[in-house]
*Asks:* 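Have a look at the structure that comes next, please.
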Amino acid sequence: MQQTRIDQGTAYWHKFKDRWPNIQALAEADLSDVLKAWQGLGYYSRARNLHHAANIIAFDLDGAFPENAETWRTIPGVGPYTAAAISSICFEEVIPAVDGNVIRVISRFLGIHSPIDRPEGRQELEAFAENWISPQYPGDHNQAVMELGALVCTPRKPDCGACPLNEACLSRINTPGETPEPPIKLGKTTVRDVVLDFHVIVTDHKVWMRQRPAPGIWAGLFEFPSNIHPGERIERDRRTHFPPEPPWKSLISLGALGDPFHHLLSHRKMHVQFWLWKGSLSQGYGEGEWTDWNCAEELALPRVLERSWKDVKNSALLQIR
DNA sequence: TATGCGTGGGC
DNA sequence: TGCCCAAGCAT
């Protein structure tokens with residue numbers, strides 16, 4: 001659930017636990033099935049890392065989970081926070097787990113006004129966390145601070161009256177009754193406009209699907225062949241850019257689906273448009289393969305395709321006749 | 001060190 | 001509509 005709300009991830013967690021109840025089962029699963037189960041949750045490298053990690057633990061480590069943060073850090077997808085959280089909570093290692101909640105709690109308590117995404121602010125924060133961690137109950141301490149941040153010391157309008165730290169909290173003292181200024185972040189992610197063209201290549205019964213390469217957006221997920229390029233305007237002559245060569249047959253109007261719509265990512269504003277092409281079963285169209293529509297629905301798809309799938313399919317089947 | 005990586009909720 | 005943020009990590 002890295003960078004993901006518990007509310008958003010909990011249903012997925014139950015689904016994973018039911019389907020793959022232990023590390024061996026997850027290790028032996030097909031990656032495509034894991035990705036399909038992850039569909040819609042985002043940050044899909046986490047699914048690949050989880051599967052990879054399960055294999056390392058099940059086979060390389062003979063099913064023995066690491067028991068300290070240093071070893072956990074060698075597992076793919078496990079960074080400083082996750083290693084510290086697991087090791088302190090499961091094995092009572094005395095190491096602070098610093099997530100977004102903890103950053104907010106400590107930066108407010110200390111009144112840190114230097115940006116917490118810079119070395120100075122970060123160092124100040126880490127130093128305090130190291131001193132603060134309870135040697136007796138490191139796991140409980142870490143969970144308590146995280147819960148404090150999640151339930152009381154919230155990003156907006158924290159409930160300072162309910163906070164056990166309010167007496168000494170510099171941020172509360174300096175800005176009573178308001179949303180505290182810390183944490184200060186410098187690096188704001190810029191949202192860039194990109195144009196995303198999906199090329200829906202169909203025959204009477206099949207559609208050409210490809211798996212997206214790693215690294216990059218939606219790596220490992222499936223899609224209609226696509227182009228992503230900078231900008232926000234759909235150029236009139238886009239069809240001359242794609243496909244680059246025959247054997248492309250003809251372009252068919254998708255009607256309303258031809259109108260671009262917006263799909264938002266944290267760092268991109270995508271202007272999405274579908275293009276429908278009539279293909280031939282005897283031809284290939286680059287990476288990918290001919291797929292039955294109902295089989296394609298079993299593949300892991302990015303949200304933008306999950307949402308538009310029915311409209312695209314219906315329109316394609318209608319137009320192709 | 002800076003950037004890429006998804007999606008959804010709240011305001 | 002726009003912005004912030006969420007049990008961060010890899011490169």
Side-chain angles (χ1 to χ4, degrees), chain A residues 1-13 35 38-50 52-53 69 72-90 95-105 107 115-123 125-126 139 141-151 153-158 179-194 196 212-221 223 228 230 232 261-270 272 300-307:
Chain A
M1 305 213 187
Q2 295 155 352
Q3 285 284 280
T4 302
R5 287 180 205 284
I6 299 305
D7 287 347
Q8 190 189 354
T10 300
Y12 287 84
W13 180 73
L35 282 168
W38 202 275
Q39 173 175 298
L41 195 51
Y43 284 153
Y44 298 96
S45 65
R46 295 179 300 182
R48 299 193 302 277
N49 285 334
L50 184 67
H52 187 187
W72 269 110
R73 284 289 280 111
T74 68
I75 303 296
V78 176
Y81 160 73
T82 305
I86 296 173
S87 305
S88 65
I89 293 169
C90 301
I95 183 171
V98 180
D99 72 339
N101 291 308
V102 178
I103 289 174
R104 192 168 53 253
V105 169
S107 66
I116 48 86
D117 54 355
R118 307 291 298 181
E120 308 84 66
R122 186 76 198 185
Q123 206 163 8
L125 206 144
E126 298 281 354
H141 171 96
N142 282 333
Q143 294 193 74
V145 181
M146 285 190 275
E147 286 298 289
L148 186 63
L151 302 179
C153 193
T154 50
R156 272 179 295 238
K157 297 185 177 178
T179 298
E181 209 174 42
I184 310 262
K185 285 179 192 170
L186 215 54
K188 310 242 188 269
T189 56
T190 56
V191 179
R192 275 191 272 275
D193 286 279
V194 296
L196 170 55
R212 288 192 60 89
I217 186 78
W218 300 319
L221 275 62
E223 63 161 8
I228 299 180
E232 54 183 301
F261 63 95
H262 292 164
H263 182 78
L264 299 176
L265 280 61
S266 55
H267 57 305
R268 293 288 183 272
K269 181 174 181 178
M270 293 177 150
V272 185
L301 304 171
R303 198 62 147 163
V304 63
L305 288 185
E306 198 184 343
R307 290 186 193 286

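Note that this is a predicted model, so its numbers are computed, not measured. Chain letters run A, B, ... following the sequence lines, proteins first and then strands; every chain starts at 1.
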*Asks:* Please determine if a side-chain N or O atom of Tyr43(A) lies less than 4.0 Å away from the OP1 or OP2 oxygen of dA10(C).
*Replies:*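 Negative; the distance criterion is not met.
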
*Asks:* Considering only the P atoms, how many Å lie between dT1(B) and dA6(C), rounded to the nearest integer?
*Replies:*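 Those two atoms are separated by 22 Å.
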
*Asks:* Keeping the roles fixed (side chain from Thr154(A), backbone from Leu151(A)), state whether a donor-acceptor pair exists under 3.5 Å.
*Replies:*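 Here the side-chain-to-backbone pair does not exist.
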
*Asks:* Of Arg5(A) and Ser45(A), whose nearest nucleotide on DNA chain C comes first from the 5' end?
*Replies:*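 On the 5' side of the pair lies Arg5(A).
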
*Asks:* Would you mind classifying the nucleic acid contact of Pro80(A) as base, sugar-phosphate or nothing, using non-hydrogen atoms under 4.0 angstrom?
*Replies:*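 It contacts sugar-phosphate atoms only.
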
*Asks:* Got a donor-acceptor pair under 3.5 Å from the side chain of Arg156(A) to the base of dC4(C)?
*Replies:*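 No, the side chain and the base share no sub-3.5 Å donor-acceptor pair.
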
*Asks:* Return the nearest nucleotide to the side chain of Leu265(A); candidates are dG8(B), dA7(C), dG6(B).
*Replies:*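 The nucleotide sitting nearest to the side chain is dG6(B).
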
*Asks:* Using the side-chain heavy atoms of Asn101(A), tell me which of these nucleotides is nearest: dT7(B), dA10(C), dA6(C).
*Replies:*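 Within the option list, the nearest is dA6(C).
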
*Asks:* Got a sec, which pairs hit salt bridge (charged side-chain N to carboxylate O under 4.0 Å, His left out) with one end in residues 1-12 of chain A, sequence neighbours left out?
*Replies:*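 Passing the test, one end in residues 1-12 of chain A: no pairs.
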
*Asks:* Under 4.0 Å, heavy atoms only, any strand: does Lys269(A) hit a base, just the sugar-phosphate, or nothing?
*Replies:*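 Touches sugar-phosphate only.
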
*Asks:* Expressed in angstrom and rounded to an integer, what is the separation of Tyr44(A) atom OH from dG8(C) atom P?
*Replies:*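 Rounding to the nearest Å, OH of Tyr44(A) and P of dG8(C) are 18 Å apart.
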
*Asks:* Tell me: CG of Leu50(A) to P of dA10(C), nearest whole Å?
*Replies:*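 Rounding to the nearest Å, CG of Leu50(A) and P of dA10(C) are 13 Å apart.
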
*Asks:* To the side chain of Arg73(A), which of dT7(B), dG8(C), dA10(C) is closest?
*Replies:*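 So the side chain of Arg73(A) is nearest to dA10(C).
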
*Asks:* Does the dG6(B) base have a donor-acceptor partner in the side chain of Thr4(A) within less than 3.5 Å?
*Replies:*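 Flag set: donor-acceptor pair detected.
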
*Asks:* Between His267(A) and dG4(B), is there a side-chain N or O to OP1/OP2 distance below 4.0 Å?
*Replies:*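 His267(A) to dG4(B) OP1/OP2: no side-chain N or O under 4.0 Å.
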
*Asks:* From C-beta outward on Pro119(A), which listed nucleotide comes closest to its side chain: dG6(B), dT1(B), dA10(C)?
*Replies:*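 Given the options dG6(B), dT1(B), dA10(C), the side chain of Pro119(A) is closest to dT1(B).
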
*Asks:* So, applying side chain to side chain contact (heavy atoms under 4.5 Å, CB included) with Ile116(A), which one of Lys185(A), Arg122(A), Arg104(A) is it?
*Replies:*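 With Ile116(A) as partner, side chain to side chain contact (heavy atoms under 4.5 Å, CB included) holds for just one option, Lys185(A).
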
*Asks:* Could you give the CD1-to-P distance, from Ile86(A) to dA7(C), as a whole number of Å?
*Replies:*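 Atom CD1 in Ile86(A) sits about 16 Å away from atom P in dA7(C).
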
*Asks:* Using a 4.0 Å heavy-atom cut-off, does His263(A) contact any base of the nucleic acid, only the sugar-phosphate backbone, or nothing at all?
*Replies:*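 Sugar-phosphate, backbone atoms only, no base.
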
*Asks:* Between P on dT1(C) and CG on Asp193(A), what's the gap in Å once rounded to a whole number?
*Replies:*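 Nearest whole value for this atom pair: 13 Å.
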
*Asks:* Quote, to the nearest angstrom, the P distance that separates dG6(B) from dT11(C).
*Replies:*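 Here dG6(B) and dT11(C) have their P atoms 14 Å from each other.
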
*Asks:* When you match Leu221(A) and Arg192(A) each to their closest nucleotide on DNA chain B, which lands nearer the 5' end?
*Replies:*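 On the 5' side of the pair lies Arg192(A).
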
*Asks:* Picking from dT1(B), dG8(B), dC5(C), which would you name as closest to the side chain of Pro155(A)?
*Replies:*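 For Pro155(A), the side-chain atoms sit closest to dC5(C).
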
*Asks:* For Val78(A), which contact category applies under a 4.0 Å heavy-atom criterion: base, sugar-phosphate, or nothing?
*Replies:*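 Touches sugar-phosphate only.
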
*Asks:* Starting at CZ of Arg46(A) and ending at P of dA10(C), how long is that distance when rounded to a whole Å?
*Replies:*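 From Arg46(A) CZ to dA10(C) P: 12 Å.
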
*Asks:* Under 4.0 Å between any heavy atoms, over every strand shown, what does Ile6(A) touch: base, sugar-phosphate, or nothing? Just pick one.
*Replies:*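 Answer is base: heavy atoms of Ile6(A) come under 4.0 Å of a base.
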
*Asks:* Between Arg118(A) and Leu264(A), name the one whose nearest nucleotide on DNA chain B is closer to the 5' end.
*Replies:*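 Taking each residue's closest nucleotide, the earlier one in sequence belongs to Arg118(A).
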
*Asks:* Does Gln123(A), at its CD atom, have more than 12 non-hydrogen atoms belonging to other residues, nucleotides or ligands within less than 6.0 Å?
*Replies:*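 No, not enclosed.
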
*Asks:* How many Å lie between CD on Gln123(A) and C1' on dT1(B), as a whole number?
*Replies:*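 My rounded result for the distance is 15 Å.
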
*Asks:* Measuring from atom OG of Ser87(A) to atom CD1 of Ile95(A), what distance do you get when rounded to the nearest 0.5 angstrom?
*Replies:*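 If I round to the nearest 0.5 Å, the distance is 6.5 Å.
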
*Asks:* Please give the distance between the P atoms of dA7(C) and dA2(B) as a whole number of Å.
*Replies:*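 These two P atoms come out 25 Å apart once rounded.
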
*Asks:* Which part of the nucleic acid does Asp7(A) contact within heavy-atom distance under 4.0 Å: base, sugar-phosphate only, or nothing?
*Replies:*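 Nothing, no nucleic acid heavy atom in range.
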
*Asks:* Nearest whole Å is fine: how far is dC5(C) P from Lys157(A) NZ?
*Replies:*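 That distance rounds to 16 Å.
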
*Asks:* Look at the side chain of Arg73(A) and the backbone N and O of Val78(A), then say whether any donor-acceptor pair between them is shorter than 3.5 Å.
*Replies:*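 Yes, Arg73(A) side chain to Val78(A) backbone: donor-acceptor pair under 3.5 Å.
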
*Asks:* Give a yes/no on whether any side-chain N or O of Gln3(A) is located under 4.0 angstrom from OP1 or OP2 of dA6(C).
*Replies:*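 For dA6(C), neither OP1 nor OP2 has a side-chain N or O of Gln3(A) closer than 4.0 Å.
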
*Asks:* For Leu151(A) and dA7(C), give me the distance from atom CG to atom C1', rounded to whole Å.
*Replies:*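 That distance rounds to 13 Å.
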
*Asks:* Looking at every strand, decide which applies to Gly9(A) at a 4.0 Å heavy-atom threshold: base, sugar-phosphate, or nothing.
*Replies:*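 Here Gly9(A) touches no strand at all.
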
*Asks:* Would one find a side-chain N or O of Trp218(A) under 4.0 angstrom from OP1 or OP2 of dG4(B)?
*Replies:*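 Looking at the OP1 and OP2 atoms of dG4(B), neither is under 4.0 Å from any side-chain N or O of Trp218(A).
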
*Asks:* Answer yes or no: are there more than 12 heavy-atom neighbours, outside Glu181(A) itself, under 6.0 Å from its atom CD?
*Replies:*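 Incorrect, the count does not exceed 12.
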
*Asks:* So Arg48(A), base contact, sugar-phosphate only, or nothing? Heavy-atom distance under 4.0 Å.
*Replies:*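 If one applies the 4.0 Å heavy-atom cut-off, Arg48(A) turns out to touch nothing in the nucleic acid.
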
*Asks:* Taking any heavy-atom pair under 4.0 Å as a contact, classify Arg122(A): base, sugar-phosphate, or nothing.
*Replies:*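 The answer is nothing, as Arg122(A) stays clear of every strand by at least 4.0 Å.
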
*Asks:* Can you find a donor-acceptor N/O pair under 3.5 angstrom joining the side chain of Thr82(A) to the base of dG8(C)?
*Replies:*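 Side chain to base: no pair present.
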
*Asks:* Evaluate the side-chain proximity of Arg46(A) to Thr4(A): yes if any heavy-atom separation is below 4.5 Å, no if none is.
*Replies:*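 Yes. Closest side-chain heavy atoms under 4.5 Å.
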
*Asks:* Toward the 5' end of DNA chain C, which comes first, Gly79(A) or Lys185(A), by nearest nucleotide?
*Replies:*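 Result of the comparison: Lys185(A).
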
*Asks:* Counting side-chain heavy atoms from CB outward, which of dT7(B), dA6(C), dG6(B) is closest to Arg303(A)?
*Replies:*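 So the side chain of Arg303(A) is nearest to dT7(B).
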
